[in-house]
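Note sheet for the following structure.
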Amino acid sequence: MQRIRVVDALSGKSEVGAEVEVAGWVRTRRDSKAGISFVHVHDGSCFAPLQAVAGQGLANYESEVLKLSAGCAVRVRGTLVASQGKGQSVELQATAIEVVGWVDDPETYPIQPKKHSLEYLREVAHLRPRTNTLGAIARVRHCLAQAVHRFFHERGFFWIHTPIITASDCEGAGEMFRVSTLDLANPPRTQEGKIDFSQDFFGREAHLTVSGQLNVEAYCLALSQVYTFGPTFRAENSNTRRHLAEFWMIEPEIAFASLDDDITLAEAFLKYIFRALLDERADDMAFFAQHVDKECVSRLERFVQTPFARMTYTEAIDRLEKSKERFEFPVRWGMDLQSEHERFLAEKLVGGPVAVTNYPREIKAFYMRLDEGERTVSAMDVLAPGIGEIIGGSQREERLDVLDRRLESLGLPKEDYWWYRDLRRYGTVPHAGFGLGFERAIQYATGVDNIRDVIPFPRAPRQADF
RNA sequence: UCCAUCGUAGCUCAAUGGUAGAGCGCCCGGCUGUUAACCGGUGUGUUGCAGGUUCGAUCCCUGCCGAUGGAGCCA
């Protein structure tokens, strides 16, 4: 007998009349006193469960089938038939139901057949993928990840595996987690009494990466079109619904390219992955539209067919100043855009994603290219409604003398950046790239409020269970 | 890290300065090719932790821990 997935049964890949076996977990059981039970079996292969119809003729009907509760693991053998009931077109007329694993106490099984809050489900992160919502998120996450790789692969980009552990001091994107094998209780000391990291594993201080960008730039200046897609780590004490200590980031980098090329790439990229999501996970997206965020499907549909709005930072400030909106933080040229400003631009002024470009150099990183006049840099942020900044990118400073001046004015030691500077000494070219927080993209696509619910096992301050 | 709110049954919540109740879930019964089923019934709690005020605290106060939302930082 052929073992099939639930999705094969429901999509028609396995035809009515076929003798098949389905294995999965019980969602619900409903009994009819006429002597049949309806057991919904879910195996995660798609959003919907398969209804198995069990008659009292089954050998274990009284002894086992009538005791099935949510979460029990079963193997069901039978015939795929057209359903006599509403709600599904196909069901499995069972000839045998084998209980593979019981739930030992249905009353305290954490995933009861009722609504649960996402906050509660976080406390049972090992079982929450069995719920509709978390299962759908897992499939959406996979779909988007596959689309990311497909997009770049189809365009001739190479996936570069940049390091997780870095001894580079120069990433400068936030607080870092230390990586060390020294004895914390009794570390070796230098003569000045400081911890002697020369005796540590790497012979120097090491941390978990906060970004693969500087490394991927090196490969960009050899392979032309590259990207990273992997975990990154921030030890910032951020307690918000948009931050994690461990998250996945996508960072493409393109050579012989301008900021304009960068924005064009970002737009094509986001549209591609969201198009894929709409095409491939309609079942899960319909669920999100129904139970999580009514707008999520229509928002994505609009997203994929509307050109990004573009405006310079200076223009954005001007529009903010001219708006009648009252802001907590007063608007003036030179300040960083606050959450309220980003939201206003994306949600009220534009009503969709907007790329804001050419920010004041004082509020942006050293590696971003100085514009004419040197007041601004070739940076861009893509702001999306409900999320704020979803992408941050820039054209990189490819002129060694200008880069050195910026390092100097920021008090950053040139020697720490020796290899990064080498890239400007040997065959430098204009290049650009951006970073996308993968979880932010999932939040935007599904409307799930808290970022801790779009990653399987979230890591945040005081939260590393499971 | 800052501000606000919150922490009571398996889950979601209510309640009063005099030791707690509902809905859902579980279980039992009824009914039904059922499908967030429906109808009826039973049980359930050291009211986050540690102190303090009080004759008496779940309710008031202090500290701690944790959660949620917002801010900052950022992706």
Quiz item: Among B:C73, B:C11, B:U34, which nucleotide sits nearest the side chain of A:E236?
Solution: B:C73
Quiz prompt | salt bridge (Lys or Arg N to Asp or Glu O under 4.0 Å) contacts in which one or both residues fall within residues 139-150 of chain A, not counting sequence neighbours | solution = A:R139-A:D284, A:R141-A:E439, A:R150-A:E280
Practice problem: Anything below 3.5 Å on both distances counts as a pair; with that, list the stems of at least three consecutive Watson-Crick or G-U pairs involving RNA chain B. | Solution: B:1-7 with B:65-71, B:10-13 with B:21-24, B:27-30 with B:38-41, B:48-52 with B:60-64
Practice problem: Please work out if A:S117 contacts a base, only the sugar-phosphate, or nothing of the nucleic acid, heavy-atom cut-off 4.0 Å. | Solution: sugar-phosphate
Practice problem: Taking the six-membered ring for Trp and the full ring for Phe, Tyr or His, determine whether the centres of A:F229 and A:F152 are under 6.0 Å apart. | Solution: no
Practice problem: Would you please classify the geometry between the A:Y417 ring and the A:Y420 ring as parallel, tilted or perpendicular, with 30° and 60° separating the classes? | Solution: perpendicular
Quiz prompt | Proximal nucleotide (of B:U34, B:C73, B:G25) relative to the A:Q338 side chain | solution = B:C73
Exercise. Choose from B:A71, B:U34, B:C27 the nucleotide whose nearest atom is closest to any side-chain atom of A:F329.
Key: B:A71
Quiz item: Sequence neighbours excluded, which residues qualify as salt bridge (charged side-chain N to carboxylate O under 4.0 Å, His left out) partners of A:R242?
Solution: none
Self-check item: Pairwise P distance for B:G43 and B:A67, with rounding to whole Å
Solution: 36 Å
Quiz item: What nucleic acid atoms does A:H243 come within less than 4.0 Å of, heavy atoms only: base, sugar-phosphate, or nothing?
Solution: base
Practice problem: For A:E91, report the nucleic acid contact type (base, sugar-phosphate, nothing); a contact means any heavy atom under 4.0 Å. | Solution: base
Exercise. Using a heavy-atom cut-off of under 4.0 Å over every strand shown, decide if A:R128 touches base, sugar-phosphate, or nothing.
Key: nothing
Quiz item: Looking for any heavy atom pair under 4.0 Å, which part of the strands does A:L244 touch: base, sugar-phosphate only, or nothing?
Solution: base
Quiz item: So does A:S238 reach the base of B:C74 with its side chain, donor to acceptor, closer than 3.5 Å?
Solution: no
Quiz item: Do any pairs count as a side chain to side chain donor-acceptor pair (under 3.5 Å) and have a residue in residues 67-76 of chain A, sequence neighbours left out, and if so which ones?
Solution: A:R75-A:E98
Quiz item: Taking only residues two or more places apart in sequence, or in another chain, which ones meet A:F151 in a side-chain contact (heavy atoms from CB on, under 4.5 Å)?
Solution: A:R155, A:L265, A:A268, A:F269, A:Y272
Could you go through nucleotides 36-41 of chain B and list every protein N or O atom that sits under 3.5 Å from one of its N or O atoms, giving the distance for each pair?
from, atom 1, to, atom 2, distance (Å)
B:A37, OP2, A:R30, NH1, 2.7

Quiz item: Whole Å only: how far is the CD1 atom of A:I36 from the P atom of B:C31?
Solution: 15 Å
Practice problem: Return the residues of residues 58-81 of chain A meeting this criterion: a heavy atom under 4.0 Å from some atom of RNA chain B. Order them by number, or give none. | Solution: none
Practice problem: Take A:R29 and A:H40, find for each the nucleotide of RNA chain B with the closest heavy atom, and name the residue whose nucleotide sits nearer the 5' end. | Solution: A:R29
Quiz item: What integer number of Å spans the C1' atoms of B:C28 and B:U42?
Solution: 7 Å
Quiz item: Where the side chain of A:Q93 is concerned, which of B:C11, B:C74, B:G33 is the nearest nucleotide?
Solution: B:G33
Exercise. Determine, for A:Y444 and A:R299, whether the Lys NZ or Arg CZ falls below 6.0 Å from the six-membered ring centre while staying within 45 degrees of the axis.
Key: yes
Quiz item: salt bridge (Lys or Arg N to Asp or Glu O under 4.0 Å): which pairs involve residues 340-353 of chain A, sequence neighbours left out?
Solution: A:E325-A:K348
Quiz prompt | Pairwise C1' distance, B:C13 and B:A71 [rounded to whole Å] | solution = 29 Å
Exercise. Just call it for A:F38: base, sugar-phosphate, or nothing, with non-hydrogen atoms closer than 4.0 Å on any strand.
Key: base
Quiz item: Taking the same atom, P, in B:A15 and in B:A37, what whole-Å distance lies between them?
Solution: 30 Å
Quiz item: Quick one: A:R242 CZ to B:C73 C1', roughly how many Å, whole number?
Solution: 10 Å
Pairwise N/O distances under 3.5 Å, protein to nucleotides 5-8 of chain B:
none

Practice problem: Could you pull out all residues at least two apart from A:S339 that satisfy side-chain hydrogen bond (donor to acceptor under 3.5 Å, both in side chains)? | Solution: none
Quiz item: Using the P atom in both, what is the distance from B:C11 to B:G45, to the nearest Å?
Solution: 14 Å
Quiz item: Taking atom P in both B:U68 and B:A50, what distance in whole Å separates the two?
Solution: 24 Å
Quiz prompt | Under-3.5 Å donor-acceptor pair between A:Q112 side chain and B:G25 base | solution = no
Quiz item: Using a distance-only test with no angle check, is there a side-chain donor-acceptor pair under 3.5 angstrom linking A:Q213 and A:Y367?
Solution: yes
Please enumerate all protein N or O atoms sitting under 3.5 Å from an N or O of nucleotides 66-69 of chain B, with distances to 0.1 Å.
from, atom 1, to, atom 2, distance (Å)
B:U68, OP1, A:R122, NH1, 2.3
B:G69, OP1, A:N450, ND2, 3.3
B:G69, OP2, A:N450, ND2, 3.2

Quiz item: Partners of A:A96 by side-chain contact (heavy atoms from CB on, under 4.5 Å), sequence neighbours excluded?
Solution: A:R77
Quiz item: Heavy-atom distance under 4.5 Å between the side chains of A:M285 and A:L300, does that happen here?
Solution: yes
Exercise. Please state whether the rings of A:F327 and A:H341 are parallel, tilted or perpendicular, taking 30° and 60° as the class boundaries.
Key: perpendicular
